[in-house]
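Quick notes on the structure that follows.
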There are 2 protein chains.
Amino acid sequence: MTKNTRMTKQRKAILRVLKNTESHPTADWIYEQVKKEIPNISLGTVYRNLNVLSELGKIQILDYGSTYSRYDGNPKNHYHFRCEKCGRVYDIHIDLFDDINKIVNEKTAFQVNEHRLEFTGLCPICQNEN
Amino acid sequence: MTKNTRMTKQRKAILRVLKNTESHPTADWIYEQVKKEIPNISLGTVYRNLNVLSELGKIQILDYGSTYSRYDGNPKNHYHFRCEKCGRVYDIHIDLFDDINKIVNEKTAFQVNEHRLEFTGLCPICQNEN
DNA sequence: CTATTTGCAAACGCTTTGCCTGATT
DNA sequence: AATCAGGCAAAGCGTTTGCAAATAG
């Protein structure tokens with residue numbers, strides 16, 4: 001259970017680079033930064049460690065939980081629910097929180113046009129499979 | 001400007017399949033469905049048409065706007081802003097909307113554990129580049 | 001008629017993996 | 001010493017693309 005706990009210099013460097021940036025970089029960018037310090041590090045090591053660090057809860061990966069794109073026949077904004085167990089994606093039938101764009105527009109320097117909101121948890125089917 | 005307007009039988013079938021499903025299928029699932037009707041359709045045609053239909057505003061693609069994964073050194077939930085022009089991803093420094101999980105839990109049959117919220121629009125840098 | 005779209009297959013590009021060597025505990 | 005991690009390169013895999021033939025308008 002307690003595996004992958006060796007803090008090698010590669011793993012430390014990757015984590016430090018990621019903790020010290022404001023941006024949300026790609027694996028390749030991280031690779032280029034760490035290479036300044038460990039010139040012979042390989043891209044595979046970067047990917048492996050990013051996955052390990054994510055499993056350890058030290059970082060997050062900002063993808064859609066899958067390598068597949070999913071397509072939605074409804075082009076209007078609406079919210080989704082993704083089941084953590086089976087991966088199904090459902091529509092959520094509630095009104096949009098229209099005011100949150102305004103909140104961010106007022107509190108930050110970003111010019112917000114849209115927002116996307118996704119919930120995760122257990123779908124009804126998987127709740128009944130225990 | 002007004003291009004890609006031919007409604008071929010392939011394009012029609014893909015759109016119909018997608019409009020008539022509750023799920024948010026992958027391209028491959030759509031391909032399998034359409035093949036029942038047009039057995040010699042190719043997967044490339046499905047992908048091409050999904051992209052065309054998305055540009056026409058008839059459907060949405062649920063990905064992160066890029067094929068790259070992005071990594072975040074902060075493992076706690078927080079919101080992001082993605083610039084539509086330059087693709088940069090920023091943190092948004094506002095409090096979490098903690099109550100929306102409860103709202104969905106009460107109004108739907110899903111068991112919500114988390115939510116993810118992402119805003120899109122123009123970042124300060126790109127706002128100044130006009 | 002002709003510009004767009006298709007089918008096919010190869011290419012792409014990000015990510016993962018196998019294998020063997022090297023490092024950590 | 002035993003196990004875990006790294007480097008390298010090849011494989012994986014969803015998606016895109018080039019090209020000649022087909023087709024919508």
Side-chain angles (χ1 to χ4, degrees), chain A residues 1-18 23-56 58-72 82 87 89, chain B residues 1-18 23-56 58-72 82 87 89:
Chain A
M1 218 60 182
T2 316
K3 305 167 78 176
N4 297 324
T5 47
R6 287 187 188 171
M7 285 308 284
T8 60
K9 67 172 192 280
Q10 289 88 344
R11 191 165 294 171
K12 274 186 212 157
I14 290 165
L15 185 57
R16 179 163 27 77
V17 164
L18 197 47
S23 70
H24 300 74
T26 62
D28 203 65
W29 185 90
I30 296 167
Y31 171 59
E32 292 301 329
Q33 301 308 117
V34 176
K35 214 156 54 167
K36 294 174 184 170
E37 184 180 337
I38 308 172
N40 66 328
I41 195 173
S42 75
L43 185 56
T45 296
V46 173
Y47 275 107
R48 251 187 303 238
N49 277 304
L50 288 168
N51 287 331
V52 169
L53 291 167
S54 162
E55 280 162 25
L56 293 175
K58 292 183 185 297
I59 67 168
Q60 321 185 32
I61 304 179
L62 306 180
D63 61 13
Y64 254 80
S66 160
T67 54
Y68 291 87
S69 289
R70 289 181 169 274
Y71 298 87
D72 189 333
R82 182 158 47 77
V89 178
Chain B
M1 217 61 181
T2 316
K3 304 167 80 173
N4 296 325
T5 47
R6 286 190 187 169
M7 284 307 282
T8 61
K9 67 171 189 282
Q10 289 88 343
R11 190 165 295 169
K12 274 184 211 159
I14 291 164
L15 185 58
R16 179 163 27 76
V17 164
L18 197 48
S23 70
H24 299 73
T26 61
D28 204 64
W29 186 90
I30 297 167
Y31 171 59
E32 292 300 330
Q33 300 309 115
V34 176
K35 212 154 59 164
K36 294 175 185 170
E37 183 180 337
I38 308 172
N40 66 326
I41 194 172
S42 76
L43 186 55
T45 296
V46 172
Y47 275 106
R48 255 188 302 236
N49 276 305
L50 289 168
N51 287 331
V52 169
L53 291 167
S54 163
E55 280 162 25
L56 293 175
K58 291 182 185 297
I59 67 169
Q60 318 185 37
I61 303 179
L62 305 180
D63 61 13
Y64 254 80
S66 160
T67 54
Y68 291 88
S69 289
R70 289 179 170 275
Y71 298 87
D72 189 332
R82 182 159 48 77
V89 178

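Sequence lines set the chain letters: A, B, ... in the order given, protein chains first and strands last, and positions in each chain run from 1.
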The reported gap from CG in A:Leu50 to CD in A:Glu55 (rounded to nearest 0.5 angstrom) is 11.5 Å
Nucleotide by nucleotide, 5' to 3', does protein get under 4.0 Å of the base (B), only the sugar-phosphate (S), or neither (-) in nucleotides 18-25 of chain D, counting heavy atoms?
B----BBS
Taken to the nearest whole Å, CG/A:Leu50 to P/C:dT17 is 14 Å
Residues that B:Ser23 engages under side-chain hydrogen bond (donor to acceptor under 3.5 Å, both in side chains), provided they are two or more places apart
B:Thr21
Closest to side chain of A:Arg11, choosing from C:dT6, D:dA5, D:dT16
D:dA5
If you take all heavy atoms of A:Ile41 and A:Val34, which pair is closest and at what distance?
CD1-CG1, 3.7 Å
Taking salt bridge (charged side-chain N to carboxylate O under 4.0 Å, His left out) as the definition, give me every residue that meets it alongside A:Lys35, ordered by chain and number, with sequence neighbours left out.
A:Glu32
Can you measure from CD1 (B:Ile30) to CZ (A:Arg70) and round to the nearest 0.5 angstrom?
10.0 Å
Nucleotide by nucleotide, nucleotides 9-14 of chain D touches protein heavy atoms under 4.0 Å in the pattern (B base, S sugar-phosphate only, - none) -----S
If you measure from OH on A:Tyr71 to CG on B:Leu53, what distance do you get to the nearest 0.5 Å?
10.5 Å
Nearest heavy-atom neighbours spanning B:Ala27 and B:Leu43
O-CD1, 4.3 Å
A:Ile14 versus A:Val46, closest heavy-atom pair with distance:
CD1-CA, 3.8 Å
Sort out for me which residue in A:Lys12, A:Lys9, A:Arg16 forms a salt bridge (charged side-chain N to carboxylate O under 4.0 Å, His left out) with A:Glu37.
A:Arg16
Sort me out a list of protein N/O and nucleotides 10-12 of chain C N/O pairs below 3.5 Å, or just none if empty.
none

From A:Ile61 CD1 over to A:Asn51 CG, what is the distance, rounded to the nearest 0.5 angstrom?
4.5 Å
Under 4.0 Å between any heavy atoms, over every strand shown, what does B:Asn51 touch: base, sugar-phosphate, or nothing? Just pick one.
sugar-phosphate
List in numerical order all residues of residues 33-41 of chain B for which some heavy atom is under 4.0 Å away from an atom belonging to DNA chain D.
none
OP1 or OP2 of D:dA5 versus the side-chain N and O atoms of A:Asn49: is any pair under 4.0 Å?
no
Does a side-chain N or O of A:Gln10 approach OP1 or OP2 of C:dA23 to a distance below 4.0 Å, or not?
no
Would you compute the distance between atom CZ of A:Arg82 and atom CG of B:Leu62 and round it to the nearest 0.5 angstrom?
10.5 Å
Please state how far atom CZ in B:Arg70 lies from atom C1' in C:dC14, giving the value in whole angstrom units.
13 Å
Testing the basics here: between A:Ile38 and A:Gln10, what is the closest heavy-atom pair and its distance to 0.1 Å?
CD1-CA, 3.9 Å
Can you measure from OG1 (B:Thr26) to CH2 (B:Trp29) and round to the nearest 0.5 angstrom?
8.5 Å
